[in-house]
Amino acid sequence: MNEIQALILGLVQGLTEYLPVSSSGHLTIGQALFNITTDEKAQLAFDIVVHVATVMSTLVILWKEVAWLFKGFFKFKDNDETRYIINILVSMIPVGIVGVFFKDYVEDIFGSGLLIVGCMLLVTALLLTFSYYAKPRQKENISIKDAFIIGIAQACAVMPGLSRSGSTIATGLLLGNKKELLAKFSFLMVIPPILGEALLDGVKVMKGENVFGSISTTALAIGFVAAFLSGCFACKWMIDIVKRGKLIYFAIYCAIIGIAAIAFSL
C-alpha cells in the first residue's frame with residue numbers, strides 16, 4: 001500500500017465509519033477496485049491506525065458529551081451520567097463476547113470477499129428501510145434493555161459489509177428510541193470496542209521484528225490524518241442526518257453498492 005492508496009482508504013474509513021454504509025465493506029471494495037494487496041501485518045497496522053483516528057474524531061466532535069459523562073461519573077452518585085455509562089457498558093457485552101471468542105471464527109467461515117460484503121450491504125439497506133418506515137411509540141430515554149439489544153446489533157456488525165452505525169441506529173429506531181439520542185449514543189458506545197479491537201490487533205502486530213509489515217510509516221501517518229479529518233466531518237454530518245430522519249437515502253445507496261459488489265464478484 002502506497003501513500004496515495006493510504007490517503008484514499010483513510011478518507012473512505014473516516015467517512016464510512018459513521019455513515020450507515022459499512023466501513024469494512026467499503027474498504028474491501030476499495031482494495032478490490034485499486035487492486036491493493038498488503039501482507040497481514042501491514043493490513044492490521046493500517047486498520048489499527050485508521051480506527052484509532054476515527055475514535056479521536058468522535059472525541060473531538062462529541063467532546064461536550066464525553067466531558068459531561070466524566071464529570072458526572074466522578075461524582076460517584078446515581079445520576080443521568082452514571083446511568084448513561086452503564087448503558088454503554090451493557091451495550092459492550094455482546095460485541096465483547098463476539099469479538100473475543102467468535103470474530104476469527106466468523107471471518108474464517110464467511111471471509112471478507114465482495115460477495116459477502118454485497119450481501120451484507122443489502123441487509124444493511126433492509127434494516128435502514130425498516131427503521132425509516134416503522135413508527136414505534138417514542139421513548140424518553142434509552143433503557144438498559146434497549147442498550148443491550150442495540151449492543152447485539154453492533155455485535156452482528158462483525159460481518160463485513162453490515163454497517164455498525166447503520167445496525168445500531170436502525171435497531172434503536174425500531175425499538176422506539178428518539179433520533180436525537182441515538183446517533184450520539186451509537187457513536188459513543190463504539191469507542192470502547194474499537195479501542196479494544198485495536199489493542200488485540202496491536203498485540204498481533206508487535207510480534208516479530210517487522211512490526212508494520214510492508215507499509216511505510218508515512219503511509220500510516222497519511223491514513224491516520226485522512227481518517228481523522230473525514231471522520232470529524234462524517235460524525236457531525238451523520239448526527240444531523242439522523243435528526244432529520246433521512247436514512248432512506250443511505251438504504252438506496254447500500255442496495256445499489258451491494259448489488260454492484262455481488263455482480264462484480266461473480
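In this text, all values refer to a predicted model and were calculated from it rather than measured experimentally. The figures here come from the full heavy-atom set of this structure, side chains too, leaving out hydrogens, waters and symmetry mates.
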### Query
Where is the tightest heavy-atom contact between G223 and F46, given as atom of each residue plus distance?
CA-CE1, 4.1 Å
#### Entry: Rounded distance (nearest 0.5 Å) linking atom CE of M238 with atom CG of D240
10.5 Å
### Query
How far does CG of L127 sit from OG1 of T168, to the nearest 0.5 angstrom?
10.0 Å
### Task
Output the distance between atom CG (L11) and atom CD1 (I222), rounded to the nearest 0.5 Å.
10.5 Å
### Query
Should we say atom CD1 of I93 is surrounded by more than 12 heavy atoms from elsewhere, each under 6.0 Å from it?
yes
### Query
Are L182 and V95 connected, step by step, through hydrophobic side chains (Ile, Leu, Val, Met, Phe, Trp, Tyr) whose heavy atoms are closer than 4.5 Å?
no
### Interatomic spacing from CG in N87 to NZ in K145 - rounded to 0.5 Å
14.0 Å
### Query
Taking it one step at a time, do H51 and Q13 satisfy side chain to side chain contact (heavy atoms under 4.5 Å, CB included)?
CA-CA 8 Å; H51 278 94; Q13 164 63 28; 3.8 Å; yes
### Query
Quick one: does T54's side chain get under 4.5 Å of V190's, heavy atoms only?
no
### Query
So do the side chains of I116 and P160 get within less than 4.5 Å of each other, counting heavy atoms only?
yes
### Query
Linking I/L/V/M/F/W/Y whenever any side-chain heavy atoms sit under 4.5 Å apart, do F185 and F70 land together?
yes
### Query
Side chains of Y18 and T58: donor-acceptor distance under 3.5 Å anywhere?
yes
### Query
Are the side chains of I29 and L121 in touch, meaning some heavy atoms are under 4.5 Å apart?
yes
### Query
Quick one: does P20's side chain get under 4.5 Å of I169's, heavy atoms only?
no
### Message
Can you tell me how far apart CZ (F233) and CG (L19) are? Round to the nearest 0.5 Å.
### Response
8.0 Å
### Message
Please determine whether the number of non-hydrogen atoms from other residues, nucleotides or ligands lying under 6.0 Å from atom NZ of K71 exceeds 12.
### Response
no
### Message
With a 4.5 Å cut-off on side-chain heavy atoms, are I86 and V90 touching?
### Response
yes
